[in-house]
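Structure first, commentary second.
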2 protein chains.
Amino acid sequence: MSILSSAVDVLRCFSSTRHDVTVTDLVTLLGMPKSNASRLLRAMRDEGLLETVGESKRYRPSLLLNQVGHLYRFAASLIDRADAIVGRVSDQIGHTGYISVRRGNEIVGVTAHPGRHALRVVTSIGDRIPAFASSTGRALLARLSDEEVRALYPAGFTPPSATAPQDMDELLARLAIVRRAGFAESHDEAVHGVRAISVAVGDPTTGDEVALCLSFPAATVEPAERLAIIRSLGQGAAEIAALIQDKRFIPLNLSIAETAP
Amino acid sequence: MSILSSAVDVLRCFSSTRHDVTVTDLVTLLGMPKSNASRLLRAMRDEGLLETVGESKRYRPSLLLNQVGHLYRFAASLIDRADAIVGRVSDQIGHTGYISVRRGNEIVGVTAHPGRHALRVVTSIGDRIPAFASSTGRALLARLSDEEVRALYPAGFTPPSATAPQDMDELLARLAIVRRAGFAESHDEAVHGVRAISVAVGDPTTGDEVALCLSFPAATVEPAERLAIIRSLGQGAAEIAALIQDKRFIPLNLSIAETAP
DNA sequence: CCTTTAAGTTCCATTAAATGGAACTGAAGT
DNA sequence: ACTTCAGTTCCATTTAATGGAACTTAAAGG
């Protein structure tokens, strides 16, 4: 195996709950000999991928990674555009907004705008959640054909809550609604008491696809405000879709939004 | 040379003006054989460091790098704390705020909060500017001894503008003022018409040091508002310094702020 | 203070991967 | 159909990575 692969394994060890690693962390997490772990961490630091934390033996991601990672949103300029829209809507409504991408059958948050309200939904960038059981996920899955969706779940899936799709048939039925409505909605799925509304848009030239989402406590949002969120997100996404000529974009169908709960 | 070193060279090719690279880019930028460039980019993509842009032969940083890079601010929790303070002050004052770190004799922006005013200072994350010719840089340099500062400039420096320090003696004289005043100030140095005010704080346990900065158009800020900025930044930094027991922190001396222009 | 254990580093022969020149493929323009 | 340029694959050579064990350091226990 290439040292590159080991280096990436090290990077994958970092998470929102593990901000730095030591030689023994690598030995236990990756099962590598400590001689390797020791040299690898030092090499990565010498090359500038990692930094040592003060004088300790702890290693954390470097400023270089921070800067290069920061470029991602510009390299994938769709993300930057979508983030601007979500930021605007989040500011206007006051609830938490974020944008997510799909990797296989999982959804990863990329940027977030915390809401202004005391009771707000907190999202953590970089965490992975199942695509089928979230509004962002279904907004993105709705851009695929039923066959492609089935292919993502060769072994089916286990619903995390009663309001999530319970099986493939229910998922496909809900995706069909998303395709007609132009937005996806969730209620009590990942987090109890939380609703979320998402729309998806994609860039045909790069193949990138993102979901724009607003998430809020179910109890505090009146039907009129819910419609306002749907309208704002839908219009914002439509602007992007027009700009980048996303032919698969599903325009909003407000009459469905009004009848649905 | 290790492939790790080449991979990092590739990452360093990315910048705010180069969001993706091709095989030939690497050949010209790094002078490597194209056989290497081709395999290296593919290997980095296969390992998850890079992504291909759609179906093209262009490579950009990956989502993984975005996520790991994002952790930097939490791993270096001083940055997160400082960012919260600057965000609060920026919101309150309405002008652009950002935080920076020093790498050798250069300053790198890490996070930014754009101001609300129509005429606002725009900062670009990740760009490097000379430490001696910026308020953030001098706030950080003031934490070093004169000998350490001299050691950073073995060959002296070239002032970028008339209001920047013109030579080492002037720089040291201005750092001495920063050490008494507890804040650093710039005017027309990097950008004409722009003033900036910075304070620095450091974490003794990790060795991290950051500068908190507010930057604004010189023409639109009255003396009273300037004092308010200095007070807010100084108090915010003092909170952090107390929390993390930064013994080298320089408390604000408002009487100097009032006499200086 | 000395002992014990854990954590990290260095050494070395073995094994595996990276290198660069050149030949090859494929696509874009003339 | 020809030319040109970008990118990929091949192969023998060179170079680096590997993992076991010995060694050094640092913290915990008596």
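Note that this is a predicted model, so its numbers are computed, not measured. Letters go in sequence order (proteins before strands), and every chain restarts at 1.
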query: Between B/Thr24 and D/dC5, does any side-chain N or O lie under 4.0 Å from OP1 or OP2?
result: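 No, because none of the side-chain N or O atoms of B/Thr24 sits under 4.0 Å from OP1 or OP2 of D/dC5.
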field: N or O in side chain of B/Ser5 less than 4.0 angstrom from D/dA16 OP1/OP2
entry: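 So the side-chain polar atoms of B/Ser5 never come under 4.0 Å of the phosphate oxygens OP1 or OP2 of D/dA16.
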field: pair A/Arg102-A/Leu141: side-chain heavy atoms closer than 4.5 Å
entry: yes
What is the distance, to the nearest angstrom, from the [atom1] atom on [X] to the [atom2] atom on [N]?
X: B/Arg58; N: D/dA6; atom1: CZ; atom2: P; value: 12 Å
X: B/Asp9; N: C/dA18; atom1: CG; atom2: P; value: 15 Å
X: A/Asp25; N: C/dA6; atom1: CG; atom2: P; value: 17 Å
X: A/Met44; N: C/dG8; atom1: CE; atom2: P; value: 16 Å
X: B/Ile3; N: D/dT15; atom1: CD1; atom2: C1'; value: 13 Å
X: A/Tyr59; N: C/dT9; atom1: OH; atom2: P; value: 5 Å
X: B/Glu47; N: C/dA17; atom1: CD; atom2: P; value: 12 Å
X: A/Leu4; N: D/dT18; atom1: CG; atom2: P; value: 11 Å

- request: Determine, step by step, whether A/Arg138 and A/Ser134 satisfy the side chain to side chain contact (heavy atoms under 4.5 Å, CB included) criterion, reporting the C-alpha distance in whole Å, the side-chain angles of both residues, the deciding distance to 0.1 Å, and the verdict.
  value: CA-CA 6 Å; A/Arg138 287 194 298 270; A/Ser134 60; 5.8 Å; no
message: Can you work out whether A/Val23 or A/Met1 has the more 5'-proximal nearest nucleotide on DNA chain C?
response: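 It is A/Val23 whose nearest nucleotide is closer to the 5' end.
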message: Check A/Glu209 with A/Arg103, please: is the shortest side-chain N to carboxylate O separation under 4.0 Å?
response: no
- request: Please determine if A/Arg179 and A/Asp146 form a salt bridge, counting it only when a charged side-chain N lies under 4.0 Å from a carboxylate O.
  value: yes
- prompt: Any donor-acceptor pair under 3.5 Å linking the side chain of B/Arg42 with the backbone of B/Ser38?
  reply: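 It does not hold such a pair.
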message: By nearest heavy atom, map B/Thr22 and A/Lys57 onto DNA chain D; which one lands nearer the 5' end?
response: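 Counting from the 5' end, the first nearest nucleotide belongs to B/Thr22.
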task: Give, ordered by number, those residues of residues 30-42 of chain B having at least one heavy-atom distance below 4.0 Å to an atom of DNA chain C; if nothing qualifies, reply none.
output: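 Here the set is B/Pro33, B/Ser35, B/Asn36, B/Arg39.
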message: Looking at every non-hydrogen atom in both residues, tell me the closest pair between B/Val101 and B/Leu140 and how far apart they are.
response: C-CD1, 4.1 Å
- prompt: How about B/His113 and B/Asp83: does a side-chain donor come under 3.5 Å of a side-chain acceptor?
  reply: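 Looking only at side-chain atoms, B/Asp83 and B/His113 do form a donor-acceptor pair, the distance falling under 3.5 Å.
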